[in-house]
Amino acid sequence: MHRSSLCGEDTNMTISTKNGALVNASNVPILFNNSGATSFRLAAELKNGTFDWSRVAQSVAWRDTPMTDAELAAIPPFAEYSFELWLFGPGFTYRSNLTNATTPDVTYRQRMNSRPLAISALKNQQWNILSASDFLNPFSLLFVAQSTVSVNWNALAEPVDFVGVAGAQLTATTTSATSVVVTGSASVGNPQSGVRSISIAPTSLVAGTASLAGIGGVNITIPNCSTITQFPPLDIAAGTKITGTDNVVRANGTARELVIRSHATNRAHKFVTHSWNNFID
């Protein structure tokens, strides 16, 4: 994990690599990562259609191969995990690294509050239904930038306690990476069953550009962020990819997402997500 270069995320640690590497493709220490990924997926399955794991596993937020039900069942309840952080010293070099067996600069532990459920068990649970939305349709009238978004769902399982909306517009060149990442969320008070609706406006209003020098580790450059007041528009045409001077391939494209959350009886979070993007493999 490394510090994110996305505007509004520069104080957060985001997932950069699945192999423990501390340097980028140019063998330069990573100071920033143009990513907002803060969760890691172990296994998943779509209710409808096919699921191509080889495609999603290209992302640093997905495991290379899905964990089986038996592997998930082997994780004990209240399992505790150790996180190790290597920091920078003078000259933008690591004070310690993963190859010389020295002690990390910071170590902390995190305990799970429940056992992860197997995919076969999740399929048999009752889920809330997130309604289809033209906000995710590039051919609808809502493909343009939006100041507010209506999120609708049918509460058929545990009460929904959180609703989120996100929009992203990424533009990369050989020397810079521009990101417009806008999120909005709301807590749902007095949850009730049946059809529900809530209007969400942006609550994280940021956009900006980071030089690849700052992302790659030559200079510490926090992105120049500016405030925006709408969820970005959707592009109908397919996105593109470009290779920067730091030898990292970055995407050009747009994305949107709707999400609702509830809590199962074992305290596990249950998320239902609808999303659309025009990023290419």
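Residue numbers count from 1 along this sequence. Note that this is a predicted model, so its numbers are computed, not measured.
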For Gln230 and Ala145, the nearest pair of non-hydrogen atoms, with its separation, is OE1-CB, 3.4 Å
Got a second to check how far Leu117's CG is from Leu72's CG, nearest 0.5 Å? 9.0 Å
How far apart are the closest heavy atoms of Pro159 and Ser262, and which atoms are they? O-CB, 3.4 Å
Close side-chain approach of Thr254 to Trp276, heavy-atom, < 4.5 Å: yes
May I have the step-by-step check of side-chain contact (heavy atoms from CB on, under 4.5 Å) for Leu234 and Leu136, ending in yes or no? CA-CA 8 Å; Leu234 290 179; Leu136 303 177; 5.6 Å; no
If you group Ile, Leu, Val, Met, Phe, Trp and Tyr by side-chain heavy-atom gaps below 4.5 Å, do Phe162 and Ile260 land in one group? no
Once side-chain hydrogen bond (donor to acceptor under 3.5 Å, both in side chains) is applied, do any residues pair with Asn124, and if so which ones, sequence neighbours excluded? none
Is there a path of hydrophobic side-chain contacts, each under 4.5 Å between heavy atoms of I/L/V/M/F/W/Y residues, joining Ile75 to Phe40? yes
Taking all non-hydrogen atoms of both residues, which atom of Phe279 and which atom of Leu170 are closest, and how far apart? CZ-CD1, 3.9 Å
Has the side chain of Asp235 got a donor or acceptor atom that lies under 3.5 Å from a matching backbone atom of Gly253? no
Sole candidate of Thr273, Asn152, Val149 that passes side-chain contact (heavy atoms from CB on, under 4.5 Å) when paired with Leu258: Val149
One should read off an interatomic distance between Ile236 CD1 and Asn137 CG, to the nearest 0.5 angstrom, of 8.5 Å
How many angstroms lie between CD in Gln146 and OG1 in Thr229, if you round to the nearest 0.5 Å? 11.5 Å
Is it possible for you to say whether Tyr81 and Leu42 belong to one hydrophobic cluster, with membership spreading through side-chain heavy-atom contacts below 4.5 Å? yes
Can you check side-chain contact (heavy atoms from CB on, under 4.5 Å) on Asp134 and Leu141, steps first, answer last? CA-CA 8 Å; Asp134 280 346; Leu141 296 178; over 6 Å; no
Scanning both residues in full, the closest heavy-atom pair of Ala57 with Arg63 reads CB-O, 3.5 Å
Joint cluster assignment, Trp153 & Ile200, ILVMFWY side-chain distance < 4.5 Å: yes
Strictly distance-based, threshold 3.5 Å: is any side-chain N or O of Arg256 a donor or acceptor partner for the main-chain N or O of Pro232? yes
Closest contact, heavy atoms only, Ser150 versus Ser133: O-OG, 4.5 Å
In this structure, would Val259 and Trp62 fall into the same cluster of hydrophobic residues linked by side-chain contacts under 4.5 Å? no
Donor-acceptor under 3.5 Å (Lys270 side chain, Asn128 main chain): no
How close do Val272 and Trp127 get, heavy atom to heavy atom, and via which atoms? CG2-CE3, 3.7 Å
Just to verify, what does Arg111 make a side-chain hydrogen bond (donor to acceptor under 3.5 Å, both in side chains) with, not counting sequence neighbours? Glu80
Specify whether Phe135 and Phe231 have parallel, tilted or perpendicular ring planes, treating 30° as the upper limit for parallel and 60° as the lower limit for perpendicular. perpendicular
Rounded to the nearest 0.5 Å, the CG atom of Asp161 sits from the NE2 atom of His269 at a distance of 7.0 Å
